[in-house]
Amino acid sequence: MSVRVRFAPSPTGFLHVGGLRTALYNYLFARHNGGKCILRIEDTDQTRYVESAETALIEACRWAGFEFDESPEKGGEFGPYRQSERTDTYKKYSKILLENGSAYYAFDTSEDLDKMRERQQKSGLAPKYDRSIMRNQYTLGEDETARLIATDEPRVVRLKVPITGDIRFSDIVRGEVVFAARDIDDQILLKSDGYPTYHLANVVDDHLMEISHVIRAEEWLPSTPKHVLLYQAFGWESPKFAHVPLLLNPDKTKMSKRHGDVFVDDFKNKGFFPEALVNFVALCGWNPSSEREIYSMNELIEHFALEKVNKAGAIFDYKKLEWMNSQYLRSYEPIELAPELLKILDSYAYPKVGVEYAAQVIGLLRERINFLHDIPTFGDYMFTRPLAFDDEYKSKHWKPETKANITPLLEIFTSLQEFSHQALHDVVQEYVASKQMALKLIIHPLRLMITGKQVGAGMFETMSILGREEVLARMKSFLENNP
RNA sequence: GCAGCGUUCGUCUAGCGGUUAGGACACCGCCCUUUCACGGCGGCGGCACGGGUUCGAUUCCCGUACGCUGUACCA
């Protein structure tokens with residue numbers, strides 16, 4: 001049997017990183033098995049629909065580095081891929097259930113339902129639809145039911161859950177799971193507005209779209225028995241289930257906005273590389289059991305196995321994500337990143353620089369930062385004269401005799417044939433040797449004059465990238481203004 | 001409340017009856033050094049608890065505790 005999986009989000013806003021991981025696991029599983037990964041939009045709740053959410057979602061996945069094989073956008077032979085466009089199908093299948101006695105009509109108002117739950121809560125019972133006393137086709141009788149339907153009375157279709165027995169299914173990550181039928185509610189299948197609930201729609205669609213594996217978040221585990229019952233009621237073979245663990249806040253609750261960034265777009269805007277986010281999120285809850293941390297998309301695909309997905313939820317460790325981003329920052333060719341840096345630089349008032357220069361600066365500074373966008377602030381002096389000079393650094397390294405030590409360097413740098421890292425290094429070494437002084441007595445003042453900062457990359461490399469003219473200008477200016 | 005699921009360093013995890021319980025992030029120290037970083041080396045730190053099963057349990061079983069998720073005409 002060929003592998004077909006689906007990511008089935010509801011379009012209520014931006015893509016959550018938890019959603020990204022679910023989508024990713026589906027994608028990895030499909031690719032690993034040479035199968036198809038489908039995007040299906042679960043927009044059956046008209047009250048929560050958000051206009052641009054669908055494209056935002058697709059774009060977020062595309063940014064992350066994966067595409068769906070079938071989707072509303074792309075189409076496919078199992079469409080339409082928006083549930084709101086499949087309502088006739090759900091009506092048709094709910095009718096089958098009604099006819100074979102697996103479902104029934106109910107006419108209760110939401111007020112009546114609230115009252116029922118309230119009563120149950122008070123007597124310490126689990127809230128559950130009470131088929132024997134509420135307004136439904138069993139308590140009303142056939143004639144009355146037929147009459148209400150004929151007069152178009154608002155109604156829903158509910159699943160008729162057996163009173164006794166167990167419902168069991170096997171989950172790829174959790175093993176055998178058993179629920180008692182008596183604990184399962186007579187779930188609404190078709191709402192009074194004519195739209196199906198998730199439960200009906202996802203079962204019908206998964207069957208019709210020939211989904212082989214349902215890979216979704218753990219929060220769905222408690223409603224899976226309802227789905228199993230539906231497959232049985234239709235006489236369909238159920239797909240394999242895999243409920244993956246949740247991504248958690250530091251306090252172990254389901255990862256939410258209250259604790260910081262949760263949307264893929266947030267991470268994109270923060271300057272994370274998609275490869276880093278994907279790599280990180282893939283390793284939250286799954287691990288190919290090696291001693292390695294860095295995996296490309298292709299490597300993730302190659303190693304992915306649902307059987308190795310963890311059962312327990314994973315706290316989203318922002319610090320480790322940052323570290324991972326820094327790893328990717330160092331792994332790219334600087335010239336590949338240069339255009340992006342140029343874009344970032346646009347929002348600063350620095351004089352424009354070329355792509356070659358940008359690449360050089362990236363190469364110079366990237367081992368000291370986590371994000372590309374740290375460069376304009378961390379290395380501001382690569383784009384403009386130092387605006388300030390670190391007081392502490394200055395008092396430590398600018399002594400009364402420093403000026404005399406530095407001044408001859410002006411001449412030496414001017415007459416240097418090639419203003420390169422190596423040449424600068426050699427010539428300064430030579431100079432300090434002749435004066436019998438420590439290199440640091442020169443290096444620190446140079447760093448102060450040229451960058452204004454205590455921290456930075458190797459000084460000679462920094463100088464060679466800045467260029468002779470700029471270095472001499474900064475030195476002279478500093479010398480003029482300081483005793 | 002009820003149901004289900006879960007529980008290895010602070011965090012992500014390896015482990016699938018016998019290991020000095022391994023790696024990564026974070027943290028600390030040392031080395032390198034031209035500051036900071038990178039890198040190298042080292043340290044800190046964990047099998048929730050109690051019963052079984054077994055010659056032997058982190059690992060298998062049962063409880064307990066704790067946590068999480070679900071409990072909608074939301075997905």
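Note that this is a predicted model, so its numbers are computed, not measured. Here is the naming used below: chain letters follow the sequence lines, and residue numbers restart at 1 for every chain.
Atom NZ in A/Lys191 sits roughly 7 Å away from atom C1' in B/rC73 (whole-Å rounding). A/Leu190 places its CG atom 16 Å from the C1' atom of B/rA72, with the value rounded to the nearest Å. Between the CG atom of A/Asp166 and the P atom of B/rA3 there is a distance of 13 Å, given to the nearest Å. As a whole-Å value, the separation of A/Asp186 CG from B/rA72 C1' is 14 Å. Regarding A/Trp323, its CH2 atom lies at a distance of 7 Å from the C1' atom of B/rC25, rounded to whole Å. Rounded to whole Å, atom C1' of B/rC68 lies 15 Å from atom NE2 of A/His243. Here B/rA21 presents its C1' atom at 13 Å from CD of A/Glu291, a figure rounded to the nearest Å.
Heavy atoms of A/Phe460 sit under 4.0 angstrom from at least one base atom. Contacts of A/Lys254 with the nucleic acid, taken as non-hydrogen atoms under 4.0 Å apart, involve only primed sugar atoms and P, OP1 or OP2. As judged by a 4.0 angstrom heavy-atom cut-off over every strand, A/Thr47 is placed among residues making no nucleic acid contact. Contacts of A/Leu248 with the nucleic acid, taken as non-hydrogen atoms under 4.0 Å apart, are absent. Looking at heavy-atom distances under 4.0 Å, A/Ile188 makes contact with a base. In this structure, A/Arg155 reaches neither bases nor backbone, as no heavy-atom distance under 4.0 Å exists between it and the strands shown. Among the atoms of the strands shown, only primed sugar atoms or phosphate atoms (P, OP1, OP2) are found under 4.0 Å from some heavy atom of A/Arg117. Contacts of A/Lys226 with the nucleic acid, taken as non-hydrogen atoms under 4.0 Å apart, are absent. At a threshold of 4.0 angstrom between heavy atoms, the contacts of A/Glu293 include nucleobase atoms, whether or not backbone atoms are also involved.
Centroid-to-centroid, the aromatic rings of A/His444 and A/Tyr393 come within less than 6.0 Å. Taking the six-membered ring for Trp, A/Phe272 and A/Phe371 have ring centres closer than 6.0 Å. Ring centroid separation for the pair A/Phe280 and A/Phe316 comes in under the 6.0 Å cut-off. Ring centers of A/Tyr195 and A/Tyr90: at least 6.0 Å apart, outside the cut-off.
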Pairwise N/O distances under 3.5 Å, protein to nucleotides 4-11 of chain B:
| from | atom 1 | to | atom 2 | distance (Å) |
| --- | --- | --- | --- | --- |
| B/rC5 | O2' | A/Arg174 | NH1 | 2.7 |
| B/rC5 | O2' | A/Glu218 | OE2 | 3.2 |

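Counting atom types as modelled, A/Ser192 pairs a side-chain N or O with a base atom of B/rC73 as donor and acceptor under 3.5 Å.
Of the side-chain N and O atoms in A/Lys440, none sit less than 4.0 angstrom from OP1 or OP2 of B/rU33. Note on A/Arg366: every side-chain N or O is 4.0 Å or more away from OP1 and OP2 of B/rC38. Between B/rA75 and A/Thr44, a contact under 4.0 Å exists linking OP1 or OP2 to a side-chain N or O.
Interface residues of residues 123-139 of chain A facing RNA chain B, ordered by number: A/Gly124, A/Ala126, A/Pro127; criterion, heavy-atom separation under 4.0 Å.
No side-chain donor-acceptor contact under 3.5 Å links A/Asp45 and A/Tyr198.
Under the side chain to side chain donor-acceptor pair (under 3.5 Å) criterion, A/Thr224 pairs with A/Arg216, A/His243, not counting sequence neighbours.
Each of B/rU34, B/rU35, B/rC73 was ranked by its minimum atom distance to the side chain of A/Arg368; first place goes to B/rU35. Side-chain proximity of A/His199 to B/rC73, B/rU34, B/rA75: nearest is B/rA75. The side chain of A/Glu42 approaches B/rA75 more closely than any other nucleotide in the set B/rC73, B/rA75, B/rA14.
With rounding to the nearest 0.5 Å, the separation of CG in A/Leu248 from NZ in A/Lys254 is 10.5 Å.
Using Watson-Crick or G-U wobble geometry with both donor-acceptor distances under 3.5 Å, B/rG1 finds its partner in B/rU71.
The pair A/Arg6-A/Asp206 meets the salt-bridge criterion, with a side-chain N (NZ, NE, NH1 or NH2) lying under 4.0 Å from an Asp/Glu carboxylate O.
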